Amino acid sequence: MFNIILFGPPGSGKGTQSEKLIAQYGFKHISTGDLLRSEIAGKTELGLKAKSYMDQGQLVPDAVVIGMVDNVIANNPDVYGFLFDGFPRTKAQAEALDELLLTHEEKINLMLALDVPEEELIARMMNRAKTSGRTDDADPEIQKKRINVYKNETLAVASYYNQFGKVTTINGQGSIDEIFNALRAEIDGHSG
Ligand code: ADP
């Protein structure tokens, strides 16, 4: 398998680029944000628990998120590879992911980090709020909170994979296709 993490702050375009990468390569998409939102839509116990954290722009507890990811990995043994989107979001999640993958004799091959300036992130979230119905996108206080959580907790994930030389930074500004082509070039260069 070829397993990648698409990394970046909220609003950096991970969801948009994930869809294109999945269509191109056949990755199995693991978006913890999407998984959580579908638990909320289904009014499950897990969803009810997660909603209060998400609406406040806080992280859902590691154990909840890791359990969900564990399920998807275990149920998809025959895919081209996994594309992790919005996960791992803490160093503890990164360590747990590496352990999970190891039990399947797998590993993270590459982390692609989208680089987008903060003003642009806010503008994109505001814009997305108009159509997504996401309560966490519409409120400037919550946007700020999510960006702060990213800086304080999630950036450490990039340092974690950087120590293994697995991180490549991609300019996340430009057209959707320009960014997609830059991501593709990296994947093609590493997956040979
Ligand atoms: P974005 O990347 O735009 O912040 P996501 O859809 O990835 O949006 O996540 C939305 C919310 O879901 C986060 O603010 C957080 O509350 C929760 N969430 C998603 N993934 C994780 C994760 N790996 N760990 C903890 N919480 C998560």
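Counting starts at 1 for both ligands and their atoms, in listed order. Just so we're clear, the structure is a prediction, and the values are computed from it rather than from any experiment.
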Reference residue Ser12; test side chain to side chain contact (heavy atoms under 4.5 Å, CB included); the match among Asp115, Val116, Leu6: Val116
Are a donor atom and an acceptor atom from the side chains of Glu39 and Thr44 found within less than 3.5 Å of each other? yes
Around atom CD of Glu141, are there more than 12 heavy atoms of other residues, nucleotides or ligands at under 6.0 Å? no
In plain terms, say whether Asp137 and Arg124 are close enough for a salt bridge, that is, a side-chain N and a carboxylate O under 4.0 Å apart. no
What side-chain donor-acceptor pairs closer than 3.5 Å can you find for residues 105-114, not counting sequence neighbours?
residue, atom, partner, partner atom, Å
Glu106, OE1, Asn3, ND2, 3.2
Asn109, OD1, Asn3, N, 2.8

Electrostatic pair Lys51:Asp55 at N-O distance under 4.0 angstrom: yes
As a test of reading the model: which residues have a non-hydrogen atom less than 4.0 Å away from ligand 1? Pro10, Gly11, Lys14, Thr32, Gly33, Leu36, Arg37, Met54, Gln58, Leu59, Val60, Val65, Gly86, Phe87, Arg89, Gln93, Arg128, Arg134, Asp136, Arg146
